[in-house]
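Worksheet for the structure shown next.
Values below: all heavy atoms of this structure, side chains included; hydrogens, waters and symmetry mates excluded.
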Amino acid sequence: YTIEVIDAHQCLYDTIIPLTQPEPLEIIYPGDTTVCEGTSASLHVPVAGGTPPYEVMWESGATDNPLSFTSPVDSAIFVVAHDANGCATEATGYYVRVLHPMFVDLGNDTMLCDGDVLYKNVFFPGAQYRWQDYSNFYDYSIRETGTYWVKSYNDCFSSTDTVEVL
């Protein structure tokens with residue numbers, strides 16, 4: 001903006017006043033969060049742009065930053081940030097994945113007849129697998145006698161079972 005002033009002696013003075021606008025207000029989403037069943041996620045909302053100080057409002061009405069969030073299942077919770085001028089961001093979804101304990105059961109020890117195949121499936125959502133031969137699939141085909149074991153695990157829990165095939 002340019003301001004012009006004429007004084008009492010009809011002298012003209014002018015000056016340029018730059019008005020700067022802050023960068024757009026935004027939430028810098030830190031990424032999805034994974035927690036173990038029974039624990040809380042600490043959801044932090046980094047805010048940039050706009051004019052500090054910032055406030056956040058979660059869909060639950062909470063204004064904590066970070067928010068301690070507990071859920072028994074995978075969830076999404078949305079948050080909006082406001083700056084000192086009342087500007088607001090669009091709602092940003094925070095996604096929380098909950099890892100659950102698993103239980104692996106290969107069944108009772110068994111006999112295998114010549115030419116038979118014993119099929120085992122230990123699928124559990126979100127799990128990884130390790131068999132006695134270091135294969136890592138959730139299903140396994142047993143074609144000969146021996147001791148077979150599998151470990152199913154995630155970042156929080158694990159379960160192991162063994163079956164003897166005669």
Side-chain angles (χ1 to χ4, degrees), residues 1-4 14-108 118-142 148-163:
Y1 286 95
T2 301
I3 295 179
E4 293 181 349
D14 65 6
T15 188
I16 296 174
I17 300 175
L19 296 179
T20 58
Q21 184 169 328
E23 293 295 317
L25 184 64
E26 65 178 325
I27 293 173
I28 310 299
Y29 182 63
D32 297 351
T33 302
T34 300
V35 296
C36 303
E37 181 180 299
T39 64
S40 296
S42 181
L43 304 179
H44 177 67
V45 183
V47 181
T51 304
Y54 307 115
E55 293 180 357
V56 300
M57 176 72 73
W58 296 92
E59 68 180 80
S60 64
T63 57
D64 301 339
N65 190 13
L67 175 73
S68 180
F69 180 75
T70 304
S71 175
V73 295
D74 295 353
S75 301
I77 184 169
F78 290 82
V79 64
V80 173
H82 299 270
D83 73 358
N85 294 328
C87 297
T89 63
E90 292 187 18
T92 299
Y94 274 60
Y95 301 95
V96 178
R97 179 174 174 224
V98 180
L99 297 179
H100 302 280
M102 72 264 326
F103 178 73
V104 173
D105 183 8
L106 293 177
N108 296 327
L118 182 61
Y119 178 73
K120 296 295 182 178
N121 183 329
V122 295
F123 179 77
F124 189 87
Q128 295 180 21
Y129 311 93
R130 176 73 58 191
W131 291 87
Q132 78 289 334
D133 63 357
Y134 298 100
S135 61
N136 56 4
F137 300 102
Y138 64 84
D139 57 351
Y140 196 86
S141 297
I142 299 172
Y148 295 84
W149 61 263
V150 64
K151 178 179 182 179
S152 177
Y153 60 96
N154 58 34
D155 288 341
C156 301
F157 306 100
S158 69
S159 177
T160 303
D161 196 23
T162 302
V163 66

* Before giving the answer on side-chain contact (heavy atoms from CB on, under 4.5 Å), spell out for V35 and V98 the whole-Å C-alpha distance, their side-chain angles and the decisive distance to 0.1 Å. => CA-CA 5 Å; V35 296; V98 180; 4.2 Å; yes
* Criterion side-chain contact (heavy atoms from CB on, under 4.5 Å) on T63 and E55, from CA distance to verdict -> CA-CA 7 Å; T63 57; E55 293 180 357; over 6 Å; no
* Assess whether side-chain contact (heavy atoms from CB on, under 4.5 Å) is satisfied between L67 and I77, documenting all intermediate values. => CA-CA 10 Å; L67 175 73; I77 184 169; 3.9 Å; yes
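When all heavy atoms are compared, the tightest approach of G50 to P22 is O-CB, 3.3 Å. In plain terms, the two heavy atoms of C36 and T39 that are nearest each other are O-OG1, 2.6 Å. Minimum heavy-atom separation, D64 to P66: CB-O, 3.4 Å. Annotation for T33 and L43: closest pair OG1-CD2, 3.7 Å, computed over non-hydrogen atoms. For the pair I142 and K120, the tightest heavy-atom approach, listed with the atom from each and the gap, is CD1-CG, 4.2 Å. Smallest separation of non-hydrogen atoms from Y119 and S141: CD1-OG, 3.9 Å.
Counting only distance, with no hydrogens or angles, the side chain of S152 and the backbone of S159 share no donor-acceptor pair below 3.5 Å. Judged by distance alone, with hydrogens and angles left aside, the side-chain atoms of T89 form a donor-acceptor pair with the main-chain N or O of A81 at under 3.5 Å. When atom types are taken as modelled, the side chain of D83 and the backbone of Y54 share no donor-acceptor pair closer than 3.5 angstrom. Looking only at distances, a side-chain donor or acceptor of D105 sits under 3.5 Å from a matching main-chain atom of G107. For N85 (side chain) and C87 (main-chain N/O), no donor-acceptor pair under 3.5 Å exists by modelled atom type. A donor-acceptor pair under 3.5 Å is absent between the side-chain atoms of Y140 and the main chain of W149, judged by distance alone.
Rounded to the nearest 0.5 angstrom, D139 CG and W131 CH2 are separated by 8.0 Å. Distance CG/N65 to CH2/W58: 7.0 Å, rounded to 0.5 Å. Of the inter-residue distances, the one linking D74 atom CG with Y95 atom OH reads 12.5 Å to the nearest 0.5 angstrom.
No more than 12 heavy atoms of other residues, nucleotides or ligands sit less than 6.0 Å from atom CG of D155. Residue F137 qualifies as open at atom CZ: its count of foreign heavy atoms under 6.0 Å is 12 or below. Within 6.0 Å of CG on D14 lie more than 12 heavy atoms contributed by other residues, nucleotides or ligands. Other residues, nucleotides and ligands place no more than 12 heavy atoms under 6.0 Å from the NZ atom of K151. Residue E59 qualifies as enclosed at atom CD: its count of foreign heavy atoms under 6.0 Å is above 12.
Side-chain atoms of F69 and S75, non-hydrogen and from C-beta on, do get closer than 4.5 Å to each other. Considering only heavy atoms from C-beta on, R97 stays 4.5 Å or farther from D32 through its side chain. No side-chain heavy atom of F124 sits less than 4.5 Å from a side-chain heavy atom of F103.
Remark: the E37 side chain and the H100 side chain contain an N/O donor-acceptor pair separated by less than 3.5 Å.
Of the options V79, T92, I28, a side-chain contact (heavy atoms from CB on, under 4.5 Å) to V45 is made by V79 and by none of the others.
Below 30°, between 30° and 60°, or above 60°: for F123 and Y138 the angle between ring planes is above 60°, a perpendicular geometry.
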